[in-house]
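Counting starts at 1 for both ligands and their atoms, in listed order.
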Amino acid sequence: MNVGDRHYRTIWLNEDGVSVDVIDQRWLPHEFRTVTLKTVEGVATAIRDMWVRGAPLIGVTAAYGMAIAMRADASDAGLDAAWEKLHETRPTAINLRWALDAMRALLKPLPPAERAEAAYKRAAEIADEDVELNRAIGENGLAILRKIAATKKPGEPVNILTHCNAGWLATVDYGTATAPIYLAVEAGIPVHVYVDETRPRNQGAQLTAWEMAGHGVPHTLIVDNAGGHLMQHGAVDMVIVGTDRTTANGDVANKIGTYLKALAAKDNGVPFYVALPSPTIDWTVSDGVKEIPIEERSGDEVSLVWGKTADGTVTQVRISPDASPAGNPAFDVTPARLVTGLITERGVAEASREGLQKLFPER
Ligand code: MRU
């Protein structure tokens, strides 16, 4: 997508041909900065400390991390150590393990001397594939939006609520939940997006709102607790969110607070869609609540908030007593029964084992 007049992906190979450049998301929306990652340790830090984030982008960044690692040590031990180092960065998004496994399966049978070149090639392919998957998700989601626009809201904007950032910043390009929104805008379908701020890290306020503003998408930032009220008053026509891991049964792990939105949507008859590329499906897991590991992050993310002061300084402030400990589960699981449909690159699946298997019979 564009930043100003220039097209950016969130990750690209540096002109030195071996390092990787990413948009450093810690500074948005106040500053647009990029950062160069040169070592596997640097890549692990960028993922763990959320310079890059969002399940698909975490996967692609890790794939490049494997390539960078192969330049330093392409032995079997080096390969396994890089896999471990990158895998331990964040536990919930399955795209991370998917990408690391794909890289290891490709590289292990190759002689070490050939591994680095093959790894860079495959990482670039995974990045390109992500763009294609998101574009297809966009087309499939657009069909739903068109239908709602034509049947429920002729001539009026379709009101979409989204949580966290499942936008282009969370992927290589387009985003998952935002892809149908961007395509609807391109197609001239009027939309308006309610952007949940998404405490504690405010990915909605900082990233999704920045994306919407940058692409001229009408939007309103709301506190996380406003969604239920808006749904009760008919202000939301549909919810679209992303996911970090979806089980073979259609349970959906996503940013903390997603579950509450799904409950409110169910109670108010608002369709609740989840947009996901197939690498986000964990076919080995059935019961999301019991089996998906939920990342517990530092309580500082709850107690300390980033913002810009009147003089333009970007700084952190404490919002709670120094002595109050804070808990920070980063994701929750929305059971399949609350999900209207899973928007994938192959079409829209019912959120169930049968629904997913119909679209992915090879699994
Ligand atoms: O902690 P984050 O910012 O990495 O969490 C991101 C989300 O929860 C997204 O909704 C999810 O990764 C899907 S991104 C297309």
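A salt bridge between R53 and D244 is absent, with no side-chain N of the basic residue lying under 4.0 Å from a carboxylate O of the acidic one. Ion pair R115/D76 flagged as a salt bridge, since at least one NZ, NE, NH1 or NH2 atom sits closer than 4.0 Å to an Asp/Glu carboxylate oxygen. Under 4.0 Å is where a charged nitrogen must lie from a carboxylate oxygen, and between D173 and R135 no such pair does.
Looking from atom 15 (C) of ligand 1 to the surrounding protein, the closest heavy atom is T176 OG1, 3.1 Å. Ranking the protein heavy atoms by distance from atom 9 (C) of ligand 1 puts N254 OD1, 3.4 Å first. For atom 5 (O) of ligand 1, the nearest non-hydrogen atom of the protein is K255 CE, 3.3 Å. Protein heavy atom nearest atom 14 (S) of ligand 1, with residue, atom name and distance: A170 CB, 3.5 Å.
Membership of the apolar cluster around L230 extends to L161, Y194, I222, M231, V236, V239, V241, V252, V270, F272, V274, L276, I281, W283, V339, L342, L356, L359, F360, as traced through chained side-chain contacts below 4.5 Å between ILVMFWY residues.
Here T243 has backbone heavy atoms under 4.0 Å from ligand 1, and that is the only part of it that gets that close. Only side-chain heavy atoms of M50 come within less than 4.0 Å of ligand 1; its backbone N, CA, C and O stay farther off. The residue T280 has no part lying near ligand 1, judged by heavy-atom distances below 4.0 Å. Contacts between R90 and ligand 1, counted as non-hydrogen atom pairs separated by less than 4.0 Å, involve the side chain only.
For ligand 1, the polar-atom distance check against R53 finds a nitrogen or oxygen pair separated by under 3.5 Å. At a 3.5 angstrom cut-off on N or O pairs, A55 counts as close to ligand 1.
Here NE2 of H163 is found 8.0 Å from CD1 of I256. Values are rounded to the nearest 0.5 Å. Taking CG of D332 as the reference point, atom CD1 of I292 lies at 10.5 Å (rounded to 0.5 Å).
Scored by the salt bridge (Lys or Arg N to Asp or Glu O under 4.0 Å) test, D196 finds K261 as partners (sequence neighbours excluded).
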Mind running salt bridge (Lys or Arg N to Asp or Glu O under 4.0 Å) on R122 and E125 for me, showing each step along the way? CA-CA 5 Å; R122 183 68 191 120; E125 284 167 6; 3.0 Å; yes
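Heavy-atom contacts of Q203 reach the following atoms of ligand 1: 1 (O), 2 (P), 3 (O) (cutoff under 4.0 Å).
Looking at T247, its side chain does come within 3.5 Å of a backbone N or O of S286 through a donor-acceptor pair. Between the side chain of D21 and the backbone N or O of L13, no donor-acceptor pair lies under 3.5 Å.
Using a 4.0 Å heavy-atom cutoff, P56 is listed among the residues neighbouring ligand 1. For C164, the heavy-atom gap to ligand 1 drops under 4.0 angstrom. For L57, the closest heavy-atom approach to ligand 1 does not fall below 4.0 Å.
Here the shortest heavy-atom distance to atom 12 (O) of ligand 1, taken over D332, T178, D244, belongs to D244.
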